[in-house]
Colleague: 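The following block contains the structure, expressed as structure tokens.
Indexing begins at 1, ligand by ligand and atom by atom, following the structure's order. Everything numeric here is computed off the predicted structure, so don't read it as measured data.
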Amino acid sequence: MVVVMKATATEDDIEHVEEKVREAGGEAFVSRGKSRTIIGLVGDTARFTGMPIQTYAGVDHVILIGKPYKMVARELHPVPTTVKVGPTAVGRESFNVIAGPCAVESGEQAMLAAKAAVEAGATILRGGAYKPRTSPYSFQGLGQRGLEILAECRAETGLPVVTEVIESRDVEHVAEVADCLQIGTRNMQNFALLKEVGQSQKPVLLKRGLSATVEEWLMAAEYVAQRGNSEIILCERGIRTFETATRNTLDLAGMVVAQNESHLPVIVDPSHATGQHELVAPMARAALAAGADGVMLDVHHAPTEALCDGAQALTPDELAGNPAGQGASTGHGDLPPANALHRHAIQGQVHRERARIRGRHEHEEVGPASRRQRVSSGAPVGTPPHIAIHAMAKSLCSYHTGFRPCAWPI
Ligand code: PEP
Ligand code: MN
């Protein structure tokens, strides 16, 4: 951090800043220019940012150098984090599909969605028992009964569960059922709630606030991490812009920035981002191509009957990658969200990639070189085969779109 003094600043003003910095446990380096003096601050920046330095006499402005977030910053932790949600690993080495109902409406409805999810190849079940809504008159979720239903769906399908928590006082009992606690867009800056989930032992899926910058989103993640919980998955779910053609504007570039800036996994929710089921598959594919670590998709067996967000829900058929009903072409060919999303990325290309890796291995000694090679193909030594395939799919996607997905070590 650098403090720039006014041209009129006195020696006393400069000494006052130095003194305050020393009191905060830092060091101040004064550099006197012809017309202005600047003071470089070295030490714990978090402590300095909490000080009202701008208000000190003689101070013109303060320049922050470096990131306002540290614990989640890639700068200080270059190795990407893998977050375990139940048995599912979410991170740069896999592409996970999270699927399920927007809201748990009944045992039957949730079970149909959960079965569709597992059959389509999803690895985590989503579903809201507590629903934050734009209108207070809308369905608010089944609460405790919703959690019980989610537990039944997990028992039946084996999928770990991510579900939203909307109030601090609910964190403990939601965490008893959830494998991952979701913080929704409307609560991204609810610091009381962030503190609470930061003290929980369960991983956190932190959705981007609908008007939040990437920096604010990462600051919210930092808040959770500072309370002791670094098991955080970021989720880009669209932001509010002037555009009204889609529910929100999917900021895929923001997803990539978040991946570059932080070591946390970043996934994309094309359902909430677009609000329209026919846009979900194309945007899911775009997320995969851009290097996202997964997608989260709404599913409903009868979207027109849904109590929540029916317009953006995929039917079980659509989720499995089957055409959207007889003659209902969207112009995007077969919709490949879950299983098919993997297939789509993998088809044929994995064989080529395997051949490429095999080819290299044949010419290389077994040992550090081939180990490096496997790492560079996106599949670290010891990675289970199905994860390795997803990893390859991700790196292959980059070949086919002609650019490197961020942070993906090809
Ligand atoms: C949800 O995922 O159910 C949800 C409410 O999403 P968001 O917070 O992104 O609106
Ligand atoms: Mn929803």
Side-chain angles (χ1 to χ4, degrees), residues 85 90 96-105 109-110 113-114 117 122 124-136 138-143 146-147 149-150 153 161-167 170 174 178-190 193-194 197 203-212 214 216-217 220-221 232-241 246-252 254-255 258 266-277 279-280 283-284 287 292 294-300 303-314 319:
V85 177
V90 181
N96 283 285
V97 175
I98 303 174
C102 175
V104 176
E105 299 168 12
Q109 169 258 7
I124 298 174
L125 174 66
R126 63 146 290 143
Y130 294 90
K131 296 302 299 176
R133 302 304 302 274
T134 306
S135 162
S138 301
F139 175 60
Q140 310 266 326
L142 295 182
L147 292 176
I149 292 171
L150 285 170
C153 291
V161 166
V162 57
T163 192
E164 182 162 356
V165 57
I166 57 178
E167 287 200 55
D170 291 336
V174 173
D179 296 288
C180 180
L181 298 166
Q182 178 172 325
I183 299 293
T185 196
R186 293 160 192 81
N187 278 316
M188 190 207 80
Q189 282 178 320
N190 179 341
L193 184 57
L194 295 182
V197 296
V204 174
L205 188 147
L206 181 64
K207 290 192 127 187
R208 180 177 178 182
L210 48 105
S211 303
V214 173
E216 287 163 345
W217 186 19
I232 305 164
I233 301 165
L234 299 169
C235 178
E236 158 60 32
R237 48 79 68 204
I239 48 174
R240 283 248 166 111
T241 67
T246 48
R247 183 178 180 184
N248 294 288
T249 297
L250 177 59
D251 184 12
L252 277 184
M255 178 280 290
V266 189
I267 65 162
V268 168
D269 175 348
S271 305
H272 287 84
T274 64
Q276 298 170 38
H277 74 107
L279 298 181
V280 171
M283 290 304 98
V295 286
M296 179 148 100
L297 310 170
D298 282 8
V299 190
H300 200 288
T304 52
E305 314 282 310
L307 296 181
C308 183
D309 291 349
Q312 69 195 32
L314 298 176
L319 183 71

Colleague: Between D309 and H300, do the side chains contain a donor N or O and an acceptor N or O under 3.5 Å apart?
Modeller: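 Side-chain D/A pair, H300 to D309: absent.
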Colleague: Name the closest protein heavy atom to atom 4 (C) of ligand 1, giving the residue it belongs to and the distance to 0.1 Å.
Modeller: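 That would be H272 NE2, 3.4 Å.
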Colleague: With no hydrogens and no angle check, is any side-chain donor or acceptor of E105 less than 3.5 Å from a backbone partner on L307?
Modeller: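 Checking the backbone N and O of L307 against the side chain of E105, a donor-acceptor pair under 3.5 Å is found.
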Colleague: Has the side chain of K131 got a donor or acceptor atom that lies under 3.5 Å from a matching backbone atom of C102?
Modeller: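 At least one qualifying donor-acceptor pair exists.
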Colleague: Looking at K207, which atoms of ligand 1 are within less than 4.0 Å of one of its heavy atoms?
Modeller: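 Listed by number with element, the hits are 1 (C), 2 (O), 4 (C), 6 (O), 7 (P), 8 (O), 9 (O).
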Colleague: Is a side-chain donor or acceptor of R133 paired with a backbone partner of F139 at a separation under 3.5 angstrom?
Modeller: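 A pair under 3.5 Å: yes.
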Colleague: Going by heavy atoms, is R208 under 4.0 Å from ligand 1?
Modeller: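 Contact check R208 vs ligand 1: negative.
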Colleague: Do you know which of L205, V295, L297 makes side-chain contact (heavy atoms from CB on, under 4.5 Å) with I98?
Modeller: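 For I98, the side-chain contact (heavy atoms from CB on, under 4.5 Å) check succeeds only for L205.
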Colleague: Quick check on contacts: which atoms of ligand 1 are under 4.0 angstrom from a heavy atom of R186?
Modeller: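 Answer, ordered by atom number: 8 (O), 10 (O).
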Colleague: How close does the nearest protein non-hydrogen atom get to atom 8 (O) of ligand 1, and which residue and atom is it?
Modeller: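 Here the nearest protein heavy atom works out to T185 N, 2.8 Å.
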Colleague: How far is atom 10 (O) of ligand 1 from its nearest protein heavy atom, and which residue and atom name does that atom have?
Modeller: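 Heavy-atom neighbour on the protein nearest atom 10 (O) of ligand 1: R237 NH2, 2.8 Å.
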Colleague: Which of the atoms in ligand 1, numbered in the order shown and given with their element, are less than 4.0 Å from a heavy-atom of G184?
Modeller: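 Matching atoms, with element in brackets: 8 (O).
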Colleague: Quick one: which of L314, D298, L279 gives a side-chain contact (heavy atoms from CB on, under 4.5 Å) with S271?
Modeller: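 So, applying the side-chain contact (heavy atoms from CB on, under 4.5 Å) to S271 and each of L314, D298, L279, only D298 qualifies.
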Colleague: Between Q140 and S138 (side chain of the first, backbone of the second, donor and acceptor by atom type, cut-off under 3.5 Å), is there such a pair?
Modeller: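 Yes.
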Colleague: Looking at K131, which atoms of ligand 1 are within less than 4.0 Å of one of its heavy atoms?
Modeller: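 Within the 4.0 Å cut-off of K131, ligand 1 contributes 1 (C), 3 (O), 5 (C).
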Colleague: Okay, side chain of T249, backbone of R240: is any donor-acceptor separation there less than 3.5 Å?
Modeller: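 No: the side chain of T249 does not pair with the backbone of R240.
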Colleague: With 2.8 Å as the limit, count the protein N, O or S atoms near the Mn ion (ligand 2).
Modeller: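 That number is 3, waters not included.
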Colleague: Against I124, only a single residue in D179, V90, V161 fulfils side-chain contact (heavy atoms from CB on, under 4.5 Å); can you say which?
Modeller: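 That would be V90; it is the only one of D179, V90, V161 passing the side-chain contact (heavy atoms from CB on, under 4.5 Å) with I124.
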Colleague: Does E164 use its side chain to pair, donor to acceptor, with the backbone of G128 at less than 3.5 Å?
Modeller: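 Side chain of E164 to backbone of G128: no pair is present.
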